[in-house]
2 protein chains.
Amino acid sequence: MTTLPKKEEITRRLATMRDVAALAGVSIKTVSRVVNQEPGVSPELVERVMNAVRLLDYHHNTTASNLRRADQRTSTIGLLLDDVSNPFSSALHRAIEEVAREHDTLLLASSSDQDAEREEKIALTLAARRIDGLIVVPTPRSQSGLHHIQSLGRPIVFVDRPAIFHDADSVIVDNRYSASQAVQHMARYGHRRIAFLGDNHAVWTAAERYLGYVDGMAVAGLQVDPQIVRQDLSNIDMAQAAAEELLASPIPPTAFFTGQNLVTIGALRALQHHHLQHRVALVGFDDFLLADLLAPAITVIAQDPAQLGKAAAELLFARIAGDTSLPRRIEVPTALIVRGSGEIPLL
Amino acid sequence: MTTLPKKEEITRRLATMRDVAALAGVSIKTVSRVVNQEPGVSPELVERVMNAVRLLDYHHNTTASNLRRADQRTSTIGLLLDDVSNPFSSALHRAIEEVAREHDTLLLASSSDQDAEREEKIALTLAARRIDGLIVVPTPRSQSGLHHIQSLGRPIVFVDRPAIFHDADSVIVDNRYSASQAVQHMARYGHRRIAFLGDNHAVWTAAERYLGYVDGMAVAGLQVDPQIVRQDLSNIDMAQAAAEELLASPIPPTAFFTGQNLVTIGALRALQHHHLQHRVALVGFDDFLLADLLAPAITVIAQDPAQLGKAAAELLFARIAGDTSLPRRIEVPTALIVRGSGEIPLL
DNA sequence: TTGAAAGCGGTACCAA
DNA sequence: TTGGTACCGCTTTCAA
């Protein structure tokens, strides 16, 4: 039994197990047992310890606890997204949080802004915090950065874009195939001059969707005209400007395939600006709130971020639990949601 | 090509400072100095240590480091939101993240779902992790839960809703005043029968907005008819159902004031369903993406979640740095954005 | 069932 | 400038 520290000392400091032990008149190990709900402590001592815990307002220190723990778990995983505030990312976040909660695990969430340097910096501090694992939407040129987590021996699961390590899992959708379907869909309504608007071509998803566009054109027996292909549109305004430019060109497109959420919205603004929303067809990649309330309602290729996140999280926790099976690549299906804008026929 | 880590690789110990010290032929304390970039180490030793760090792929352990550190800082703050995936919450999240980054601090973000019990559980695990502070959107009946953080001596900043502790800061908007402005705005266009649709009345913001509705009606010299006041609409479908019911009633409202994002969308669906969107006025609380592309475009009371988040984070970091001035209550202004739906006159 | 002592990976303090 | 040693708050090991 240790000596009782002076009262002022306890209130100045945070109460420790030692303090609880002293007050309860037991050893620090017994306190540890009670706090961790280990069996084999007499009910009487449990009672005494719990009273001391309440009296001193003792709060367990996970940080110290993990230090000596055998499994070295921190019950924390990292989450590296493009931008926590973007709807797709935050839907992923939420789905992952739900799975994490079942494993009593907290999330350290960060935005990489698709910047490999920023990604690396975050990965480094996550490694220093000894996270149990990482779920990441990798940046275009992410490479060494995520290595910090790997060399820790912690598992990584890639979402939305394929793994950049051979030994890591990934959860993605078939962007290329879905995009080709979107293009063929509009071709079926007679369109031959279908424009492509996409964001940063260095991003895997954007590149795949462009390839899908090319595929779809080929299947429909149509020629790709580079004049009506615009990539690297990284925000709504750029997308709008590009769309307006195409609409004002000598031989404007009669249909648009937009490769991402914000690009779709930019195209919409351009169409409305020219009062062409009921004459020019549009299919967008990614669903968005209110797409069904617009006039016309917007036909989209919808992903299921909740399912992507859930699958990724479950994969990660399986790895954390010791699953050493071969790396997996899970493909979550997409759906073409027909609402009107994609079914505007060629006049 | 690498394979998934083999068992012995997983159990392999990570390099520690001791290992680095041994390899570099210096004391562990010198390694600590180099790793923490403390001044007063000869360039030669710095070089030797850094080489050993690279060779052993040493990763600093923040967890262990914090344990002995004088300031007991973890460089981690907690963030407790309604739901990380809702646009308002995630915009807050992003703004807070930016400020946190300047302080080299990571965020443990969680969703409370406005459930006090869930809130308490999260607060407890955050306390056990010894976060440096907490930014919270409190649940309706949150009380004891957040106490866990307070008794740790860590600062708490409340956002969107007022502090439930007298000694904590808060960052909010004047919901009541803004709501009253919205109602008066429509009254100016001749409306006398203005309905109120709101979400969970137990949530402070919802209650305030209802009071503002009552205020606005009074200022406009109008009577509040309880028949056209519907609260506790907690999702889009409920809001739509309530709105449709009102529209189908014997004396339907000629204008709607909707107290929250999803409620606004529900009302919109109802109006479109009845083809009344160009005849019934609507002002919603909270702006949303695409509000300007709808027909008519939607007039809203816009909050600035980025500014709310930034203010809250700056306040928190000031407290963490030792600011002990009196608790503050910061009010961020709102703006009435006129777009069309709120200016539909009474026929 | 309970406790003493060693140790987890670092930092603080002080001496050399 | 460098290093030795106590120690942070807890878990582990092993003895009582």
Side-chain angles (χ1 to χ4, degrees), chain A residues 1-3 5 9-10 12-49 52-53 56-75 125 127-130 152-153, chain B residues 11-49 52-53 56-75 127-130 152-153:
Chain A
M1 165 168 167
T2 25
T3 46
E9 207 180 301
I10 296 185
R12 205 185 54 232
R13 280 186 304 114
L14 244 39
T16 69
M17 272 197 181
R18 198 202 306 288
D19 302 322
V20 174
L23 184 61
V26 298
S27 83
I28 188 178
K29 174 67 225 193
T30 297
V31 176
S32 173
R33 288 198 182 95
V34 173
V35 166
N36 288 295
Q37 312 203 46
E38 287 172 26
V41 182
S42 71
E44 190 200 322
L45 281 195
V46 171
E47 181 65 21
R48 285 220 320 257
V49 169
V53 162
L56 295 174
D57 198 19
Y58 169 78
H59 280 95
H60 195 57
N61 187 334
T62 315
T63 299
S65 163
N66 290 148
L67 196 55
R68 188 62 170 90
R69 269 225 146 72
D71 57 11
Q72 291 284 61
R73 293 267 169 80
T74 54
S75 293
T125 76
R129 280 178 169 74
R130 298 297 191 267
L152 230 63
Chain B
T11 47
R12 191 186 58 192
R13 216 167 41 77
L14 290 173
T16 69
M17 272 196 180
R18 197 200 307 287
D19 301 322
V20 175
L23 184 62
V26 298
S27 83
I28 189 177
K29 175 68 224 193
T30 297
V31 176
S32 172
R33 288 199 181 91
V34 173
V35 166
N36 288 295
Q37 312 204 48
E38 286 172 28
V41 182
S42 70
E44 190 200 322
L45 280 196
V46 172
E47 182 65 21
R48 285 220 318 259
V49 169
V53 162
L56 295 175
D57 197 19
Y58 169 78
H59 279 95
H60 194 58
N61 187 334
T62 313
T63 297
S65 164
N66 290 148
L67 197 55
R68 187 60 167 93
R69 270 225 146 72
D71 58 10
Q72 290 285 58
R73 293 267 168 79
T74 54
S75 294
R129 280 177 169 74
R130 297 296 190 267
L152 230 65

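Here is the naming used below: chain letters follow the sequence lines, and residue numbers restart at 1 for every chain.
- With rounding to whole Å, B/R13 atom CZ is found 13 Å from C/dG7 atom C1'.
- Atoms CG (B/D71) and C1' (D/dC8) sit 13 Å apart, rounded to a whole Å.
- Across the protein-nucleic acid pair, A/R68 atom CZ and D/dC8 atom P stand 17 Å apart, rounded to whole Å.
- Atoms OG1 and CZ, on A/T62 and A/R69 in that order, are 9.0 Å from each other to the nearest 0.5 Å.
- Distance from the side chain of B/T16 is smallest for C/dG10 among the nucleotides D/dG9, D/dC10, C/dG10.
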Quiz prompt | Full working for side chain to side chain contact (heavy atoms under 4.5 Å, CB included) between B/Q72 and B/N66 | solution = CA-CA 6 Å; B/Q72 290 285 58; B/N66 290 148; 5.6 Å; no

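- Between B/E38 atom CD and D/dT1 atom P the separation is 13 Å, expressed in whole Å.
- Residue B/V26 comes nearest to B/L45 through the heavy atom pair CG1-CD2, 3.6 Å, listed as atom of the first residue, atom of the second, then distance.
- Out of D/dC10, C/dG3, C/dC8, the shortest distance to the side chain of A/H60 is found at D/dC10.
- The nearest whole Å value for the distance from the CZ atom in B/R73 to the C1' atom in D/dC8 is 17 Å.
- Contact annotation: B/S65 side-chain N/O to C/dG10 OP1/OP2 distance is not under 4.0 Å.
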Quiz prompt | A/M17 vs A/K29, side chain to side chain contact (heavy atoms under 4.5 Å, CB included): CA-CA, chis, key distance, verdict | solution = CA-CA 9 Å; A/M17 272 197 181; A/K29 174 67 225 193; over 6 Å; no

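- Within the structure, every side-chain polar atom (N or O) of A/S27 is placed at least 4.0 Å from both OP1 and OP2 of C/dT2.
- Rounded to whole Å, atom P of C/dC13 lies 14 Å from atom CG of B/N36.
- When all heavy atoms are compared, the tightest approach of B/R129 to A/T63 is O-OG1, 3.9 Å.
- Between the CD1 atom of A/I28 and the P atom of C/dT1 there is a distance of 21 Å, rounded to whole Å.
- Counting non-hydrogen atoms under 4.0 angstrom, A/V41 reaches the backbone sugars and phosphates but no base.
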Pairwise N/O distances under 3.5 Å, protein to nucleotides 14-16 of chain D:
none

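- Taking both residues in full, the closest heavy atoms of A/A15 and A/L56 are given as CB-O, 3.7 Å, listed atom of the first, atom of the second, then distance.
- Comparing D/dT12, C/dA12, C/dC8 by their nearest atom to the side chain of B/K29 picks out C/dA12.
- Contact record, A/Y58 with A/T16: CE1-C, 3.6 Å, taken as the closest heavy-atom pair.
- Contacts of B/V26 with the nucleic acid, taken as non-hydrogen atoms under 4.0 Å apart, involve only primed sugar atoms and P, OP1 or OP2.
- In this structure, the nucleotide among C/dG10, D/dT1, D/dC10 sitting nearest to the side chain of B/S42 is D/dT1.
- Separating the CE atom of A/M17 from the C1' atom of D/dT11 is a distance of 8 Å, rounded to the nearest angstrom.
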